[in-house]
Amino acid sequence: MIIAIIACVVLIGMLCMLAFTLATYALPLLLGLEVARFAFHSGAGFLGAVLVGIVVGMLVFGLAFSLLGIVRSPILQIAVALVYTAPAVIAGYALVYGVTREYVPPDIWRQLFCIVGGLFVGFSALLRLMAAAGPDPARRPVQP
């Protein structure tokens, strides 16, 4: 019984880590899926739609990191990162809502948990994107 409890805690931790990692890529994934769906309904076929979705997702992902690398102003970098983390907040909210839907009966507590979970996931995605931008070489401290 103790082993099962420990295994559940470890698996929940691994799922949270996976959710935090995947939330960083929420915008490219969602845009890739939407473009793939549009391409499929436009008559591109299944394989064509998948290829178009993958290409668009990779382009959006590359655009994020190139914008974070090109833009020097910290305010603009945070603005770009916030645009990319907004879907992560929504994904975190939906994840917590799916987990707590059956187990937290009062609506106010469920909404509170969902909002806090969405903010944690969004903040994690924001930190990951800002860390990927790297430090600005012009603002390095001077070594004595």
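Everything quoted here is computed from the prediction, not taken from an experiment. Side chains included, hydrogens not; waters and symmetry mates left out as well; all remaining heavy atoms used. All residue numbers in this chain count up from 1 along the given sequence.
The heavy-atom pair separating A88 from A125 by the smallest distance is CB-CB, 3.7 Å. Taking all atoms of both residues into account, the shortest heavy-atom contact from A49 to A44 is N-CB, 4.3 Å. The two residues L30 and P87 have their closest heavy-atom pair at CD1-CB, 3.9 Å. The minimum heavy-atom distance between C114 and T100, with the atom names listed, is SG-OG1, 4.0 Å. The shortest non-hydrogen separation linking R110 to R101 is NH1-O, 3.3 Å.
In the hydrophobic cluster analysis, where Ile, Leu, Val, Met, Phe, Trp and Tyr join through side-chain heavy atoms closer than 4.5 angstrom, L27 is grouped together with V52. Placement of Y84 and I90 in two distinct hydrophobic clusters is found when ILVMFWY residues are connected by side-chain heavy-atom separations under 4.5 Å, directly or transitively. In the hydrophobic clustering of ILVMFWY residues, with side-chain heavy atoms under 4.5 Å counting as a link, Y93 and L112 come out apart. Hydrophobic cluster membership is shared by V60 and V35, with clusters built from Ile, Leu, Val, Met, Phe, Trp and Tyr side chains linked at under 4.5 angstrom.
Counting heavy atoms from C-beta on, the side chains of L126 and L82 come closer than 4.5 Å. Counting heavy atoms from C-beta on, the side chains of F123 and L127 come closer than 4.5 Å. For the pair L59 and V55, the minimum side-chain heavy-atom distance is below 4.5 Å.
The structure places CZ of R128 at 13.0 Å from OG1 of T85, a figure rounded to the nearest 0.5 Å. Put simply, OH on Y97 and CD1 on I115 are 12.5 Å apart, with the number rounded to the nearest 0.5 Å.
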### Task
Give the C-alpha distance, both sets of side-chain angles, the deciding distance and a yes or no for side-chain contact (heavy atoms from CB on, under 4.5 Å) between V80 and V83.
CA-CA 5 Å; V80 169; V83 167; 5.8 Å; no
### Query
Stepwise, does the side-chain contact (heavy atoms from CB on, under 4.5 Å) test hold for R37 with L33?
CA-CA 6 Å; R37 194 183 91 176; L33 284 174; over 6 Å; no
### Task
May I have the step-by-step check of side-chain contact (heavy atoms from CB on, under 4.5 Å) for F61 and V56, ending in yes or no?
CA-CA 9 Å; F61 182 71; V56 167; over 6 Å; no
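Side chain of S124 to backbone of F120: no donor-acceptor contact under 3.5 angstrom is found.
Note: W109 and F113 have tilted aromatic rings, judged against thresholds of 30 and 60 degrees for the angle between ring planes.
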